[in-house]
Amino acid sequence: MKGEIRQDITTGTWVIFAPGRGERPSDFPGGEPSSTRAADYDPDCPFCPGNEDQIPPILAETPSGDGPGWQTRVIPNKYPILSPDGGGRGRSEGFFPRLPNRGRHEIIIESPRHNLDLDQMDLPDLARVLETWRDRCRAIRSETPKLVPVIFRNRGPGAGTSLLHPHTQLIAAAVPPPRLIRREETARTYYQQRRSCLYCDLLAAEEAETSRTLPAGEGLAAFIPFAASGPFETWIIPRGHRPDFADTGSEEILRLAGTLREILLRLKRILGVFSYNLVLSPPFPSPDSRPFSHWHLRILPRLTTAAGFEFETGIPVNPNLPEEDAGRLRRGES
Ligand SMILES: [Zn+2]
Ligand SMILES: [Zn+2]
């Protein structure tokens, strides 16, 4: 892959160029089908068992909880946006700053079953998916400590996925992620002023306010944030101060699995089968950020399309009020 990372000097934004991505196959040439209508197994799917000749060598695997075989599998992305050896080593000069596109791009196959989406899994199986996320974060932290692993899930063509078989992705880029750095600066300033974690205080304030809170398992909080960027954006966050998801224990992961599944099922009752992005926040990059870095999971249903105003200004327009979305989710109203 001959990609590279270039900087737009008018905004400071880094752009990843990944020419090979255009060769990806797509399960969604005609838009959104329902994954519940798909078959259990697809002989042409590279993520289904028996088609290992279509995928790169497996990086990690967890055994099935009930018999032979595997439950989750981790592979390098066959069409990566970044690669471990990088590329594009052209010179950086003047108006044209550039970096090699070095980093990791992995796929976590969540189940051998072609049609088993997260919200339909048994809790122990869903917990195993979340443990795989945690274990990959740990692996990146020990193998390439300077890279920031971003775990995300694109469900449905409206959220940018090209393959139906349920999977999560991990991208760890060498380039500094601007939004993460901005969040770190905000949390650092708050901590310097109050000696307290912004996220711990925010979730306490959301719980005191109650109008946007949702049911969550022990030790967790869930809510639609005050300034949700789109309809039904939902956060799940641990109540105690937890800087890094990589340190999460198995009991906590099982409770997280229960809360995540419950919220996805409630959303589905209201929205039907829907496209969404799910993002797990990585720890802030600075080594001294543990007192104010606090992991959280965000579910972002893709019900609106960003248009000219949003692109130009960076100001999202949300047609739904968070309090009303939270009320509907709490009542389970369809
Ligand atoms: Zn499949
Ligand atoms: Zn905290």
Side-chain angles (χ1 to χ4, degrees), residues 24-29 33-56 58 61 64 69-75 77-79 107-118 120-121 125 129 153-157 161-169 180 183-208 216 219-223 225 235-248 252 256 280-284 286 288-298:
R24 283 179 301 160
S26 175
D27 284 339
F28 303 105
S34 161
S35 69
T36 52
R37 287 200 299 267
D40 206 28
Y41 172 77
D42 178 349
D44 297 324
C45 170
F47 299 164
C48 274
N51 296 334
E52 287 76 10
D53 59 331
Q54 296 179 39
I55 55 173
I58 294 161
E61 202 170 81
S64 167
W70 52 277
Q71 158 70 28
T72 68
R73 240 176 200 176
V74 183
I75 57 172
N77 193 315
K78 193 172 175 183
Y79 304 95
I107 299 277
I108 296 156
I109 305 169
E110 296 163 352
S111 161
R113 280 180 55 187
H114 186 71
N115 62 354
L116 190 66
D117 214 341
L118 283 191
Q120 298 155 341
M121 283 187 179
D125 288 348
V129 173
R153 185 171 200 272
N154 304 332
R155 201 250 142 245
T161 195
S162 56
L163 290 181
L164 191 150
H165 195 123
H167 63 282
T168 315
Q169 299 184 61
L180 190 65
R183 283 205 288 270
E184 176 174 341
E185 284 168 2
T186 305
R188 181 189 296 278
T189 303
Y190 184 90
Y191 180 76
Q192 285 167 345
Q193 289 168 348
R194 305 182 190 225
R195 290 285 142 197
S196 186
C197 165
L198 172 61
Y199 294 84
C200 285
D201 290 358
L202 172 63
L203 80 90
E206 284 287 1
E207 293 211 299
L220 294 162
F223 55 86
W235 286 34
I236 304 174
I237 184 165
R239 284 215 167 91
H241 183 64
R242 301 274 193 283
D244 188 350
F245 184 73
D247 299 324
T248 307
E252 194 170 11
L256 176 63
L280 176 66
S281 65
F284 292 139
S286 303
D288 67 345
S289 64
R290 285 186 72 84
F292 48 88
S293 186
H294 191 141
W295 73 259
H296 50 284
L297 200 63
R298 279 181 295 156

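As the structure lists them, so they are numbered: ligands from 1, and atoms in each ligand from 1. In this chain, numbering begins with 1 at the start of the sequence shown.
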Inset, instruction - Answer yes or no: is there an ion pair linking Glu52 with Arg73, defined by an N-O contact shorter than 4.0 Å? - result: yes

Inset, instruction - Looking only at N, O or S atoms, find the one in His165 nearest to the Zn ion (ligand 1) and name it. - result: ND1

Legend entry - Donor-acceptor contact below 3.5 Å, side chain Ser293 vs main chain Arg290: no

Inset, instruction - Give a yes or no on whether a salt bridge exists between Arg153 and Asp117, defined as a side-chain N under 4.0 angstrom from a carboxylate O. - result: yes

Inset, instruction - Have a look at the Zn ion (ligand 1) and estimate, to 10 degrees, the angle subtended by ND1 (His114) and SG (Cys48). - result: 100°

Inset, instruction - Among the N/O/S atoms of His294, select the one at the shortest distance from the Zn ion (ligand 2) and name it. - result: ND1

Inset, instruction - Mark yes or no for whether Ser111, through its side chain, and Leu116, through its backbone, hold a donor-acceptor pair below 3.5 Å. - result: no

Legend entry - the Zn ion (ligand 2) - closest N/O/S atom in His241: ND1

